[in-house]
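Every chain is numbered from 1, with letters handed out A, B, ... down the list of sequences.
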Amino acid sequence: MAYNFKEAVKKPERLAGGHRMCAGCGAPIVARQVLRALKPEDHAVIGGATGCMEVSTFLYPYTSWKDSFIHNAFENVGATVSGAEAAYKVLKKQGKMEYDTKFIAFGGDGGTYDIGLQSLSGAMERGHDMVYVCYDNGAYMNTGIQRSSGTPKYADTTTSPAGKVVPGKQQWRKDLTEVVANHFIPYVAQTAPMGNMKDLYEKAEKAIYTPGPAFMNVLAACPRGWRYDTPDLMEITKLAVDSCYWPLYEVINGREYNITYMPKNKIPVADFLKAQGRFKHVFKKGNEYMIEEIQKEVDSRWENLLKLAGQA
Amino acid sequence: MAIRERLSGNEATAVAMKQINPGVVAAFPITPSTEVPQYFSSFVADGVVDTEFVAVESEHSAMSACIGAQAAGVRAMTATSANGLALMWELLYIASGSRLPIVMACINRALSGPINIHNDHSDSMGARDSGWIQIYSETNQEAYDNMLMAHRIAEHKDVLLPVMVCQDGFITSHAIENIELVEDDKVKAFVGEYNPEFYLLNKENPIAVGPLDLQAHYFEHQRQQAEAMKNAKKVILEVSDEFEKMTGRKYGLFEEYNTKDADVCVVVLNSTAGTAKYVVDQLNEQGKKVGIIKPRVYRPFPVDEIVDALAKFKAIAIMDKTDSFNAAGGPLFSDITSAMYAKGVFGPKVINFTYGLGGRDVKAEDVEAVCNEVLKVAETEKVESVYNYIGVRE
Ligand SMILES: Cc1ncc(C[n+]2csc(CCOP(=O)(O)OP(=O)(O)O)c2C)c(N)n1
Ligand code: SF4
Ligand SMILES: [Mg+2]
């Protein structure tokens, strides 16, 4: 069914308000949109890795999740949800499940790119019928903004501080979307909560309703870690996408690449960086080389993606 | 009619799992427990169980998947040893803290390092305070029987705790012994259907598992968990009674062997108790008054019962197949001596022997030396050395 913003927002909310995530945080928007893609009649078992989203939405004795929810540990939401999905399969086989249940795992970039990578990889490789959603805010926000392998180069974090000698994180971001695409699973998508949420919604719907494992890497800005004003959330997400720092695309069966959003005017990555306090130091005099380096890397990754999508 | 068979401890465990027919088995290979998932996956491949076998990429994921599966509403089982159990550590506490009655076969093996594949108890002993019920098994028959009882104990509404059934790696896991199996239909009736009150897959009553639980409630939840562990003792005895009615095989919290007329006692777990029985039989014939106590249920620790049983002895030797590296004796020694003190039993003299680490062969002579030492302590009323090692080159 074609995406209809007005219809989509009329669907019942599956993540209740009143949770404790910061104002201007991208993560709960991502979760709500993903859940919106569920058919109203379908039940969901949702897993959450330890991180900002989990601790803010499920503080005993309250939960924001209207579906069933399980938090196990930081690094194992992939395996945890795969166990729940296996339980569902056996009950279906035994004729004990009357309705359809969908399985969705949410993990931050720390819980997904780093400590939970093995658990994610295992779950995808084994072929469980589940969706793993990484909400990527580019650092360990819950413990106070430490670097992850999803943190962009030169970002100032509390374990890669921009100091007098070392100017922030020294390594490039791991391209996790590509890592997972190379598992040759049915569906992989990179997306962001942007505009009327069409891209995110449609990909979530495909991910949830494509049989077998699916992975979504979703940019989820964080005003605390990125240091922007909370009302700028949507604007900053758009800058990430329009600069091709965060391209929107999908990969079917690890082979068929579709770029789902082509920026009309590819803007300089400096526009995205300038909006954030964590990159303040790269705009200091003498640091121009950093912006140049970042631009070069963004361009090269974008060109590579164009090639993969047959659009180069 | 019971079925006579000859099975290794691992195969007996796998056969028990087959008869239980759990919803999910998630496991990862590690010697000496590897055969359990091997046998079990062949049951899956041949369609003799309904189980979903999840061939995870690590033990960490094995326990994580078990937690997900059990919370979702089915029985989840696994088997592991040593480093595999160590890798599960974080999740052991989450399983028990989430009150999920998962059942695991722990095929005891020495923890690294250095790496070693043979038997001692450093793996499960390290997990003794993880909130899991721990049941130890001397023989293949006991490993099988304990497995059949495990779910009834774990899932009891006054308990709701995970259970670890331990047996000695290689010594029982790989040795083929005569065994009496219970018929499939009887096992099915004994174990029963799993009907959890709350579970993730219930659309009518969705639940949330594993909250952030801070100062306001965490302590109460831990307190409830402590109470559940206390309740487990009674439940274990009830289930064991029922099991005896079905099979004629009697199980308690611990086994007493030739203790009636004994002056001294050796306390020892798992397969070494078999060696000790052989030794004690001979010593008794020579008029030496020594008996054995073999704990079966180590968690919950049966403080009252074990102290009652030990109070009459002049001297006790407690054998630990692990070193606590605390310069103060092994875990069994610490638990028994503290229980005796707490109960005001100061009569018996107590000594500790660390033995058999890393699969060092435990010979009849070793156990005999322990017996003679504890007899000497009783006779002289003097303890020359509390903390001792046996069978090691010094
Ligand atoms: C094994 C383990 N190591 C460390 C932690 C501490 N910890 C909890 S959440 C977290 C960071 C989460 O980062 P991410 O996954 O990116 O989620 P975010 O908080 O950014 O949303 C860390 C380091 C933990 N809970 N468990
Ligand atoms: S710290 Fe960042 S990621 Fe965490 S809740 Fe606040 S805005 Fe969201
Ligand atoms: Mg993060």
S.K.: Is Glu52(B) salt-bridged to Lys93(A), going by a charged N under 4.0 Å from an acidic O?
M.R.: yes
S.K.: Given that the side chain runs from C-beta out, which part of Asp67(A) has a heavy atom under 4.5 Å from chain B: side chain, backbone, both or neither?
M.R.: backbone
S.K.: Does Arg126(A) reach the side chain of Val54(B), with side-chain heavy atoms less than 4.5 Å apart?
M.R.: yes
S.K.: May I ask you to test the Glu90(B)-Glu75(A) pair for a side-chain heavy-atom distance under 4.5 Å?
M.R.: yes
S.K.: His71(A) versus Pro211(B): any side-chain heavy-atom pair under 4.5 Å?
M.R.: no
S.K.: Please flag which part of Ile94(B) lies under 4.5 Å from any non-hydrogen atom of chain A: side chain, backbone, both or neither.
M.R.: side chain
S.K.: Is it the side chain or the backbone of Val55(A) that comes within 4.5 Å of chain B heavy atoms, both, or neither?
M.R.: both
S.K.: Do Glu57(B) and Gln118(A) touch side chain to side chain, with heavy atoms closer than 4.5 Å?
M.R.: yes
S.K.: Looking at Lys96(A) and Glu193(B), is there a salt bridge between them, counting it only when a charged N and a carboxylate O are closer than 4.0 Å?
M.R.: yes
S.K.: Could you tell me which portion of Val56(B) (side chain, backbone, both or neither) has an atom closer than 4.5 angstrom to a non-hydrogen atom of chain A?
M.R.: both
S.K.: Pick whichever of Pro206(B), Ala62(B), Ala208(B) has the most heavy-atom pairs under 4.5 Å with chain A.
M.R.: Ala208(B)
S.K.: Non-hydrogen atoms of chain A under 4.5 Å away: do they reach the side chain of Thr51(B), the backbone, both or neither?
M.R.: backbone
S.K.: Which atom pair, heavy atoms only, marks the closest approach of Pro61(A) to His217(B)?
M.R.: CD-NE2, 4.0 Å
S.K.: Grab the two heavy atoms, one from Leu214(B) and one from Leu59(A), that are nearest each other, plus how far apart they are.
M.R.: CD1-CD1, 3.8 Å
S.K.: Does Tyr88(A) reach the main-chain N or O of Leu201(B) with its side chain, forming a donor-acceptor pair under 3.5 Å?
M.R.: no
S.K.: Please name the pair of heavy atoms, one in Val24(B) and one in Gly83(A), separated by the smallest distance, quoted to 0.1 Å.
M.R.: CG2-O, 4.3 Å
S.K.: What option among Ala26(B), Ala55(B), Ser61(B), Gly68(B) has the most heavy-atom pairs under 4.5 Å with chain A?
M.R.: Gly68(B)
